[in-house]
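Notes to accompany the following structure.
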Amino acid sequence: MSNENRPKSSHWADINAEKIVREKGKKEHYTCASGITPSGTVHIGNFREIISVDLVVRALRDKGENVRFIYSWDDYDVFRKVPKNMPKQELLETYLRKPITLVPDVLGKCESYAQANEKNLEALLPIVGVKPEYIYQASKYRTSEYADGIKKALVNRDLIRAQLNESRTTDLPADWYPVSVFCAQCDKDTTTVTGWDENYGVSYKCESCGNEETVDLRKTPAVKLPWRIDWPMRWAYEGVDFEPAGKDHHSEGGSFDTARKTSLEVYGHEAPVTFQYDFISIKGRGGKISSSTGEVVSLIDVLEVYTPEVTRYMFAGTRPNTEFSISFDLDVLKIYEDYDKCERTYFDKPESPKALKKWEKQARIYELSQVESVPEVMPYQIQIRLLSNLLQTFSGDVERVIDFLGDVKPEQIDKLKAKAQCAWNWVKNFAPEDFKFSLKADGVALLAVSEVEGKALKSLAGKVEQFMDSSTEKEFSTHLYDVARELEIESSDFFPVVYKALIGKEKGPRLISFLYIIGKDKLVSLLGKY
RNA sequence: GGGCCGCUAGCUCAGCUGGCAGAGCAACGCCCUUUUAAGGCGUGGGUCACUGGUUCGAACCCAGUGCGGCUCACCA
C-alpha cells in the first residue's frame, strides 16, 4: 500500500516504524527480530510477540523500507522441567539438564522435542500471514558460528560481571565465566568452567559424569552463552534494529536492561528499538486452561474459533502494552461484530476531513488485520449470530447456508466459508447450551402434546402452507398470532410448543424469521403430523 | 525496595504526536400485540482518581500524591 496521500498514521505499528527509522537512521534494510524458547507448546501469549513484530514489519514495508524479519528459536536452552501434559514422563526425565534440541519428541513425529514445538508453530504462522526467516540457535551454536561472539564475552568477562552485578542481590564470584557448557560426553550442563586460555580454549569439569577436558570454541558444540549475554551477542551478530519483549524482560535490572549495556559496551552495537508488550489472558474455556493440567491455549485453538483476519484484528487493534483476553464465550460474537463494523467502515470512506480522521485509524487497523492484502470486494456481511443460527438450522452444511442467503458473490465465498467454519466450531464447542439447537429430523417420534396444542401446531402448518410463500415475514406474523387467538391459547403458551415441536426446546431463535429459515416444506412435514 | 502499566458514564472500555468527552452493554421512554444477552426509534447519564505546573486551549504534556495491577532483583 502506498500512503503518500494519506495523513500520518497514528497506529502504534506505524509510530514504531517511524521511531525505528528515526533512531537507527536511514538504512538499506532494517532487521526486526522476534524469538522464543520452544521448551513447551508455544502458546498464544508467545504469539503476541511474533504478531507484534509482524505488524511493525508491515508498517516499515508500507513506508517503503526493506525489512529482514528474523525469528530465533532458542532451542539450545536447557531442558529444565518435564511438562505435565507430556507422555513418557520417566523417559523425559532422563533428559533433564540437556539441551532441548537433544530431547526426543515423545510424540514420535519430529527429530526432537524442540523441533516438534517449532514445526507446530511454523505450520500455522503462514495462515495468519506471518512469514519470518527462521534461525535455529542450536544449529548456530553447535556449528560454532558464534565462536567469536563467545570469545568476546570471555575477553570482557570482568566488564560483563560488573554489568550484571549492578542488578543482582548477590554478586557473581570473581572466577565466574560468561559461558555455560554442555558436557561433550553426557550432554548435560552440570558443568563448571575451570579455565580459559585467553583465546579459544575453554576448560570445564562435568559434575554428572566426571568428564574433564579443554575444548576449542571454533570446533566444539558444547559452549553457549547464558541468556543475558546471548541476547545482546545476537543483536550484534544479526544487526537487530527492532525487537519487542514481554514485561518480564522490561524492568530495570531485567534482561533487556543489562543486555542493552552488554550490547553497547561489549559488542559495540546500539540496542534495538523496543517496546514492552503485556500478557494476554483467556476467557471462557472453563477449567480447561488451568496451568496445573499443563494444557495451554495456543494459536491453533484460537484459529478454531477466530478467522485469521479476526485473530490479527485482536492484536492489531489493541495497543501492545495493554493486557486483554482472548474469549471463547459469548464475547466471541462481539469481537466478530466489531471486526465486521471495522470492515464496513473501511469500505465506506467518508468525505468530510473530520470524519476522515476517525476513518483513518479504523482503516489502518483493517489493513493490518488482513492476511495478505485488502480484498477488492467487501466480504459478505452477515451477523455471526445469524450465521450461527443458519448453520444450526442446516446442521452445519455451509453450502445450504450459502444457497439460502442467495446473494453471495463468487469472490466472497471463500471468506464466508472460513467464517462459517469458525462459527460452527464455536457453536459446537463453546456456545452456551441456551444458544444451541438442532432441528428435528423428519420421522422423529411425535411430541406428546395436549389436544389443543396439537391443533395449534396443525393449524400453524396450514397457515404456513397457505400463506408463507406469498407473505413477508411481517405479514406472516399476523397469521402466527391468529393461530393462538383462534384456539384461545395465550401466545406465551403457544410459542414454547412450537419450539418444542421444531427443536425440542422451549426457546429458540426469534420465531418468525426462524420459520422462514426453516422453510415451508420442512415446516409442513414437522408440524403437519400433529 | 526498583521499574512498568492502569485509574474516563452504573459496567467494559475507546479517545493519548493538545483543539466541542465517545462507543457497546445496562437504565429510562415509545414502537414492533412474545422469545437465545431479540429488533427499531428516542432520552438521561461525567469533578476524565487527586494536587499543582506548561499552554490561547490539557483526559492527553510535565512534577508530585493516592489507589489497583503486573514485573525485576535465581534461570530463561
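Every chain is numbered from 1, with letters handed out A, B, ... down the list of sequences.
On a pure distance criterion of 3.5 Å, no polar donor-acceptor pair joins the side chain of A:S167 and the base of B:rG2.
Between the P atom of B:rC13 and the NZ atom of A:K283 lies a distance of 10 Å, rounded to the nearest Å. Rounding to whole angstrom units, OH of residue A:Y277 and C1' of B:rC5 are separated by 16 Å. For A:F495 and B:rA38, the CZ to C1' distance is 12 Å, given to the nearest whole Å. In this structure, A:M314 places its CE atom 16 Å from P of B:rA14, rounding to the nearest Å. Distance A:W12 CH2 to B:rC16 C1': 16 Å, rounded to the nearest Å. Computed from coordinates, the A:I15 CD1 to B:rC60 C1' distance equals 13 Å when rounded to whole Å. Atom CG in A:L330 sits roughly 12 Å away from atom P in B:rU36 (whole-Å rounding).
Residues A:W12 and A:F275 bring their aromatic ring centres within 6.0 Å.
Residue order along RNA chain B, read from the 5' end via each residue's closest nucleotide, puts A:K505 first among A:K505 and A:P226. Take the nearest nucleotide of RNA chain B for A:R385 and for A:H250: the residue whose nucleotide is more 5' is A:H250.
Distance check on atom C1': B:rU65 versus B:rA76 gives 37 Å, rounded to whole Å. Look at the P atom in both B:rG69 and B:rC32: the space between them is 50 Å, to the nearest Å. Nucleotides B:rG53 and B:rG57, compared at atom P, are 12 Å apart to the nearest Å. Taking the P atoms as reference points, B:rU55 lies 24 Å from B:rC16, given to the whole Å. Distance check on atom P: B:rG19 versus B:rC60 gives 10 Å, rounded to whole Å. Of the P atoms belonging to B:rG2 and B:rG45, the separation is 44 Å, rounded to the nearest Å. Straight-line distance between the C1' atoms of B:rG10 and B:rC31: roughly 26 Å, to the nearest whole Å. Separation of the P atoms belonging to B:rA49 and B:rC13 is 15 Å when rounded to the nearest angstrom.
Distances shorter than 4.0 Å separate some side-chain N or O of A:R228 from OP1 or OP2 on B:rA73. Here A:K247 does not reach the OP1 or OP2 of B:rG6: none of its side-chain N or O atoms lies under 4.0 Å away. Residue A:T169 places at least one side-chain N or O closer than 4.0 Å to OP1 or OP2 of B:rC74.
Residue contacts shown for A:S39 are absent, as no nucleic acid heavy atom lies under 4.0 Å away. Residue contacts shown for A:D434 include a base, since a base heavy atom lies under 4.0 Å away. In this structure, A:R168 reaches the sugar-phosphate backbone alone: every heavy-atom distance under 4.0 Å involves primed, P, OP1 or OP2 atoms, never a base. Residue A:Y499 is classed as a base contact, given a heavy-atom separation below 4.0 Å to a base.
Across all strands shown, B:rG66 forms a Watson-Crick or G-U wobble pair with B:rC7, both key distances being under 3.5 Å. Taking a pair to require two hydrogen-bonding distances under 3.5 Å in either a Watson-Crick or a G-U wobble arrangement, B:rA14 remains unpaired. Pair assignment for B:rG29: B:rC41, on the basis of Watson-Crick or G-U wobble contacts that are both within less than 3.5 Å. Remark: B:rG46 base-pairs with no nucleotide in the shown strands. Criterion, Watson-Crick or G-U wobble with two distances under 3.5 Å. Pairing for B:rC61 is with B:rG53, a Watson-Crick or G-U wobble pair whose two hydrogen-bonding atom distances lie under 3.5 Å. In this structure, B:rG1 forms a base pair with B:rC72, meeting either the Watson-Crick or the G-U wobble geometry with both donor-acceptor distances under 3.5 Å.
The aromatic rings of A:F467 and A:H479 lie parallel to each other, their planes meeting at an angle below 30°, with 60° marking the opposite boundary. A:F347 and A:Y366 have perpendicular rings, their planes meeting at more than 60° on a 0 to 90° scale where under 30° would count as parallel. Between A:F256 and A:H250, the angle of the ring planes stays under 30°, which puts this pair in the parallel group of the 30/60° scheme.
For the pair A:D189 (side chain) and A:F182 (backbone), a donor-acceptor distance under 3.5 Å is absent. Remark: side-chain polar atoms of A:T322 are not paired, donor with acceptor, to backbone N or O of A:T318 under 3.5 angstrom.
For the pair A:K247 and A:F279, the cation-pi criterion (under 6.0 Å, within 45° of the ring axis) is fulfilled. A cation-pi geometry, defined here as NZ or CZ lying under 6.0 Å from the six-membered ring centre and within 45° of its normal, does not hold between A:R142 and A:Y76.
Distance from the side chain of A:R319 is smallest to B:rG15 among B:rG15, B:rU33, B:rU36. For A:R510, the listed nucleotide lying nearest its side chain is B:rU35; candidates were B:rU71, B:rC4, B:rU35. Side-chain proximity of A:N389 to the nucleotides B:rG24, B:rA76, B:rU36 is greatest for B:rU36.
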